[in-house]
Trainee: 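Got a structure for you, questions after.
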Protein chains: 2
Amino acid sequence: MPAAKAATAAPHARARQREATRERIVAAAIDTFAEKGFRGASTREIARRAGTNQGLITYHFRSKDALWRAAVDTIFGWLESEWSASPSGLDPRETAREAIRSWVRFAAAHPELLRFMVNEGRESDERMRWLVETHIRPRYADLASRTNEIAGLPEALLPHFFYALVGAGSLIFSVAPECRRLTGLDPTREEAIETHAEFVARLILP
Amino acid sequence: MPAAKAATAAPHARARQREATRERIVAAAIDTFAEKGFRGASTREIARRAGTNQGLITYHFRSKDALWRAAVDTIFGWLESEWSASPSGLDPRETAREAIRSWVRFAAAHPELLRFMVNEGRESDERMRWLVETHIRPRYADLASRTNEIAGLPEALLPHFFYALVGAGSLIFSVAPECRRLTGLDPTREEAIETHAEFVARLILP
DNA sequence: AAGGATTTTATTCGGTTGACAAGCGAAAAT
DNA sequence: ATTTTCGCTTGTCAACCGAATAAAATCCTT
């Protein structure tokens with residue numbers, strides 16, 4: 001039976017279609033939540049951006065809250081996979097610098113991350129608690145072990161180091177339209193990203 | 001005529017009352033806009049926090065948009081007066097460090113500022129344009145002239161320096177509840193503010 | 001071709017939004 | 001003392017919100 005079982009382009013076309021739709025909705029949710037915050041984003045607008053309708057969101061995700069969690073899971077999933085790929089290098093100082101550059105490049109590729117942090121970190125509600133315990137604390141622990149390995153950063157200064165690094169590395173990308181208007185520099189350009197990565201790396205490790 | 005013209009406690013009691021009410025509303029608006037963004041903040045909640053009613057906001061300010069502008073004017077008015085009080089010091093390097101510490105202290109006292117920037121800087125709408133041209137550009141020009149005076153920062157790096165400084169100095173205060181939960185450090189404490197000011201100052205000018 | 005999962009369309013519900021208009025009452029002007 | 005002014009309160013409005021539902025349409029699977 002040479003040409004048997006034709007017709008169906010793929011055995012799991014259904015599951016793939018389902019997954020593709022979910023991903024489209026999540027992608028639209030990430031953009032919209034990052035732009036307007038949880039309250040400001042409506043499921044109707046998310047559906048419109050995803051090219052579907054509001055009813056489908058209720059079908060795939062139980063609620064707006066669950067959709068938000070799926071969006072955050074996706075973003076921090078990207079961060080986790082990027083961060084775990086550490087190029088255990090030669091000079092420990094240069095390795096640390098490269099880690100910082102890597103973080104800045106990630107912040108440039110995903111400016112939504114800082115927006116989510118600023119949007120949710122200011123209110124002490126259930127969403128913030130979930131975000132911290134599920135995603136931020138593991139990253140914070142990673143950073144703590146790394147700084148111990150390399151430079152001797154006093155334990156008490158770790159919070160200051162963490163937020164200074166995150167803020168310095170990602171703000172310019174999170175307010176890209178403003179930066180363009182204010183300075184004329186387009187921070188989404190590859191050249192600007194590398195310049196900022198080098199600038200922040202040299203700032204922290206001269 | 002010793003006790004003449006009594007009765008009226010003050011000649012302009014009416015105007016004073018009006019101004020006091022406006023200020024109460026603006027203060028409530030700053031808190032609410034900073035917490036929930038422009039869309040997430042409702043005029044009813046702002047009125048409730050100000051101890052009045054929603055109709056009064058429409059009376060004093062024509063629209064929610066005008067109220068937002070009044071709130072931003074107030075915040076950046078604080079920044080301007082703080083920034084202009086530069087203590088032309090002795091060692092130019094130490095003077096610059098003190099300027100950075102001063103900026104961090106301001107960011108701690110007014111964490112709303114970064115939230116306004118992140119909230120509005122991400123969308124290229126009319127509010128962002130107004131914010132940049134009216135308030136941010138003058139501060140950016142100030143910074144440019146100061147860095148020229150002191151250290152020889154290449155012109156092309158000024159945008160990177162600006163956003164790195166703003167981000168490093170203020171993020172920790174803008175996500176204070178998150179910081180408390182994540183690290184146990186309360187960034188609103190006087191001691192933590194001074195530590196962060198010194199940390200950022202030494203980061204930029206070792 | 002039948003069957004079932006995905007998707008669309010439509011509707012309902014309780015609630016919130018910003019803007020507006022009419023009227024109240026005390027201060028101010030005459 | 002009467003009238004006018006004006007800061008303020010109250011109630012109303014259409015538009016939109018999120019969530020839930022139901023039924024029909026579409027498409028993959030078998």
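We name chains A, B, ... by the order of the sequence lines, and we start the count at 1 in each one. From a predicted model like this one, the values you see are computed outputs, not experimental measurements.
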Trainee: Going by salt bridge (charged side-chain N to carboxylate O under 4.0 Å, His left out), name the residues that satisfy it together with A:Glu194, two or more places apart in sequence or in a different chain.
Mentor: A:Arg105
Trainee: If I take atom CD in residue A:Glu45 and atom C1' in nucleotide D:dA19, what distance separates them, rounded to the nearest angstrom?
Mentor: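 Roughly 18 Å, once rounded to whole Å.
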Trainee: Could you tell me how far apart A:Arg62 (CZ) and D:dA19 (P) are, to the nearest whole angstrom?
Mentor: 9 Å
Trainee: Would you say A:Ser42 places a side-chain N or O within less than 4.0 Å of OP1 or OP2 belonging to D:dC17?
Mentor: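 Answer yes for this pair, as a side-chain N or O of A:Ser42 is under 4.0 Å from OP1 or OP2.
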Trainee: Just call it for A:Ala41: base, sugar-phosphate, or nothing, with non-hydrogen atoms closer than 4.0 Å on any strand.
Mentor: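 The answer is sugar-phosphate, as A:Ala41 gets under 4.0 Å only of primed atoms, P, OP1 or OP2.
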Trainee: To the nearest Å, give me how far apart CD1 (B:Ile57) and C1' (C:dC20) are.
Mentor: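 Rounded to the whole Å, the gap is 14 Å.
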Trainee: Base contacts versus sugar-phosphate-only contacts with protein, heavy atoms under 4.0 Å: please encode nucleotides 4-13 of chain D as B, S and - from 5' to 3'.
Mentor: -BBBBBB-B-
Trainee: Side-chain atoms of residues 69-79 of chain A: list all donor-acceptor pairs with protein atoms under 3.5 Å, sequence neighbours left out, distances to 0.1 Å.
Mentor:
| unit_1 | atom_1 | unit_2 | atom_2 | d |
| --- | --- | --- | --- | --- |
| A:Arg69 | NH1 | A:Asp65 | OD2 | 2.1 |
| A:Asp73 | OD1 | A:His135 | NE2 | 2.7 |
| A:Thr74 | OG1 | A:Ala70 | O | 2.9 |

Trainee: How would you list, by chain and number, every residue that makes a salt bridge (charged side-chain N to carboxylate O under 4.0 Å, His left out) with B:Arg180, sequence neighbours excluded?
Mentor: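 If we apply the salt bridge (charged side-chain N to carboxylate O under 4.0 Å, His left out) test to B:Arg180, skipping adjacent residues, the hits are B:Asp186.
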Trainee: How many Å lie between CZ on A:Phe61 and P on C:dT7, as a whole number?
Mentor: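 These atoms are roughly 11 Å apart.
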Trainee: Hey, mind stepping through A:His196 and B:Tyr163 against ring-ring contact (aromatic ring centres under 6.0 Å, His included) and telling me if it holds?
Mentor: CA-CA 10 Å; A:His196 197 70; B:Tyr163 284 103; 8.3 Å; no
Trainee: Does C:dG18 have OP1 or OP2 sitting under 4.0 Å from an N or O in the side chain of B:Thr43?
Mentor: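 Yes, because at least one side-chain N or O of B:Thr43 sits under 4.0 Å from OP1 or OP2 of C:dG18.
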Trainee: How close or far is atom P of C:dT6 from atom CZ of A:Arg16, stated in whole angstroms?
Mentor: 14 Å
Trainee: Angle between ring planes, B:Phe106 versus B:His110, binned at 30° and 60°: parallel, tilted or perpendicular?
Mentor: tilted
Trainee: How close or far is atom P of C:dG18 from atom NZ of B:Lys64, stated in whole angstroms?
Mentor: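 Checked: the NZ to P distance equals 4 Å.
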Trainee: Could I get the full list of salt bridge (charged side-chain N to carboxylate O under 4.0 Å, His left out) partners for A:Arg44, not counting sequence neighbours?
Mentor: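 None.
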Trainee: Let me know the distance between CG of A:Asp65 and P of D:dA20, rounded to the nearest Å.
Mentor: 12 Å
Trainee: Going by the rule salt bridge (charged side-chain N to carboxylate O under 4.0 Å, His left out), which residues pair with B:Glu120 if we only count those two or more places apart in sequence or in a different chain?
Mentor: B:Arg127
Trainee: Take atom CH2 of A:Trp68 and atom P of D:dG18, then tell me their distance rounded to the nearest Å.
Mentor: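 Rounding to the nearest Å, CH2 of A:Trp68 and P of D:dG18 are 16 Å apart.
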